Number of protein chains: 2
Amino acid sequence: MSVQEKKIKYKEDFRSKILAAAKKLFVEEGIEATSIRKIAKVIDISPTTIYLYYKDKRDIVYALHLEGCSLLRTRMEVLMHVDHAFERLKAIGKAYLSFAVTEPGYYELLFMMKEPMQFLDDHRGEDYWEEGDRVFEMLIETIKDCQQEGFFKGMDTQTLSLQAWSTVHGMASLFLSGHLKQLNNLLFSEALEAEFLERTFQLYVSMLERIK
Amino acid sequence: MSVQEKKIKYKEDFRSKILAAAKKLFVEEGIEATSIRKIAKVIDISPTTIYLYYKDKRDIVYALHLEGCSLLRTRMEVLMHVDHAFERLKAIGKAYLSFAVTEPGYYELLFMMKEPMQFLDDHRGEDYWEEGDRVFEMLIETIKDCQQEGFFKGMDTQTLSLQAWSTVHGMASLFLSGHLKQLNNLLFSEALEAEFLERTFQLYVSMLERIK
DNA sequence: AAATATACTTAACACTGTTAATAATTTTAA
DNA sequence: TTAAAATTATTAACAGTGTTAAGTATATTT
């Protein structure tokens, strides 16, 4: 390994070190509480050093966004082996909601925050939402397969994909933002939020089944 | 009017003055760019004076949240006079999405931000999400009426209401967060975001019609 | 060994929300 | 009417934020 290669590798190490520290902080203390200065303190460097490896804070946030994306994609990819398309669709929906519940920080980073999308807007052309698109493509493919199995006849595949995503995202985001909790006063109070998620998802599945 | 009454009125005036300034700022420059100091500058007072009328920033944010709530409620209430229940349901959905598009700042304040819900959490007991519940109740009532017209047989009213809300909220929030925009690369690029909203909504309506 | 480039740090700027201390004003009581 | 008390608003300050410019070591190249 040449000296130059070593330098590049070291630089990459530093980048991932910063990213790891940022991830640790935002998972443990939330995304709001994660500051450049705190990240620097974790790995014991000066706050300004971070700017040698990341352009600005949004750059770090976007890097974490990508990490979360590939984590979700990994979870989704294993489900693509489910033979029966409609079963696969259900599994994808469940996994998506499960991701939101078990990885709330990542979910916010992926689908609720504006910053990562704005970052992409600013870097339009050179970069696009590849990771996100890949996940969405799996949904499109699955719904296409469902249609070949006889489901959703005469419906536009992409529009239905968007509709399905909207539904589960709506559930997940209302849950994470705390709005579902506040509705507990209105709805019968015995049920927990997680049950609401489950019930609403099941109802949606039964709706999809009916329009076979 | 007694002296004391005058004082109370003056105090209320001041509160609404601060609120108006906050609203003006967050509508024009976005919610992120609205700081206590900027609000103070608009009405030409010291930043600390604001703390004499509002406990903290979240208090102001919550006050704006309530304003937005009642604005949405007003828009919804006029639709309650639509006779045919399913037509009313469609009208509510359209109005909801239209609210998100025409009042993005308010929509974020109402359904995307955590702060107002956290504020309610902290003031649990004394206060609850009355304004929000009222809007949701209209949806529940409408779906109940739909069921009496023969729609959605055998489905739980509240769960279906939550499902419907999730769907339109999912669409609205993905639109406002900029995620829909990024998908344009994947989906055919001619269509605009607003068209996607419209198409997805129409598809959802047709789904609901099918499960009559 | 001197010049140059790299890596990192300190100091500083312009912000943020918020509190304590202080000054000005108005209201109440003697 | 005047002195005391309460109200109202202000300035100064604290602790934090993202970020940039200037300075300082260290390492590399000439």
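Every value quoted in this text rests on a predicted model; they were computed, and no experiment measured them.
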Q: Nearest 0.5 Å, what's the OG-NZ distance between Ser16(B) and Lys23(B)?
A: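 Here the interatomic distance stands at 11.5 Å.
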
Q: Reading nucleotides 14-24 of chain D from the 5' end, what letters show protein touch, with B for base, S for backbone sugar-phosphate only, - for no heavy atom under 4.0 Å?
A: ---BBBB----

Q: Parallel, tilted or perpendicular, judged at 30° and 60°: which one describes the rings of Trp165(A) and Phe136(A)?
A: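 Taking Phe136(A) first and then Trp165(A), their aromatic rings sit tilted (interplane angle of 30° to 60°).
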
Q: How long is the line joining CD1 of Ile50(A) and P of dC8(C), in whole Å?
A: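 Value for this atom pair: 12 Å.
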
Q: May I have the distance from Asp59(B) (atom CG) to dG17(C) (atom P), rounded to whole angstrom?
A: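 Atom CG in Asp59(B) sits about 14 Å away from atom P in dG17(C).
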
Q: For Leu52(B) and dA24(C), what is the distance between atoms CG and P respectively, to the nearest whole Å?
A: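 Distance check: Leu52(B) CG to dA24(C) P gives 17 Å.
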
Q: Does OP1 or OP2 of dC8(C) have a side-chain N or O of Ser46(A) closer than 4.0 Å?
A: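 The answer is no; no side-chain N or O of Ser46(A) sits under 4.0 Å from OP1 or OP2.
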
Q: Between atom OH in Tyr54(B) and atom C1' in dA9(D), what is the gap in whole Å?
A: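 Answer to the nearest Å: 17 Å.
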
Q: Residues in side chain to side chain contact (heavy atoms under 4.5 Å, CB included) with Lys181(B), at least two apart?
A: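 Scan of Lys181(B) (side chain to side chain contact (heavy atoms under 4.5 Å, CB included), adjacent residues dropped) gives Asp121(A), Arg124(A), Glu193(B).
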
Q: Provide, to the nearest angstrom, the distance between the CG atom belonging to Asp44(B) and the C1' atom belonging to dT8(D).
A: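 That distance rounds to 16 Å.
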
Q: Starting at atom NZ of Lys17(A), determine the distance to atom C1' of dA7(C), rounded to an integer number of angstrom.
A: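 To the nearest whole Å, that distance equals 14 Å.
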
Q: Could you tell me how far apart Leu25(B) (CG) and dG17(C) (P) are, to the nearest whole angstrom?
A: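 Those two atoms, CG and P, are 11 Å apart.
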
Q: Using a cut-off of strictly less than 4.0 Å, decide whether Tyr53(B) has a side-chain nitrogen or oxygen near OP1 or OP2 of dA9(D).
A: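 Yes, Tyr53(B) has a side-chain N/O under 4.0 Å of OP1/OP2 on dA9(D).
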
Q: What class does the angle between the rings of His169(B) and Tyr107(B) fall in, given that below 30° is parallel, 30 to 60° is tilted and above 60° is perpendicular?
A: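 His169(B) vs Tyr107(B) ring planes: parallel.
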
Q: For ring-ring contact (aromatic ring centres under 6.0 Å, His included), just list the numbers for Phe201(A) and Tyr96(A), CA-CA rounded to whole Å, side-chain angles, deciding distance to a tenth of an Å, and then say yes or no.
A: CA-CA 11 Å; Phe201(A) 179 68; Tyr96(A) 186 89; 10.0 Å; no

Q: Within the distance-only criterion (no hydrogens, no angle test), does the side chain of Gln147(A) pair as donor or acceptor with the backbone N or O of Phe152(A) below 3.5 angstrom?
A: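 Confirmed, Gln147(A) side chain pairs with Phe152(A) backbone.
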
Q: Roughly how many Å is it from CZ in Phe14(B) to P in dT8(D), rounded to a whole number?
A: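 Checked: the CZ to P distance equals 10 Å.
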
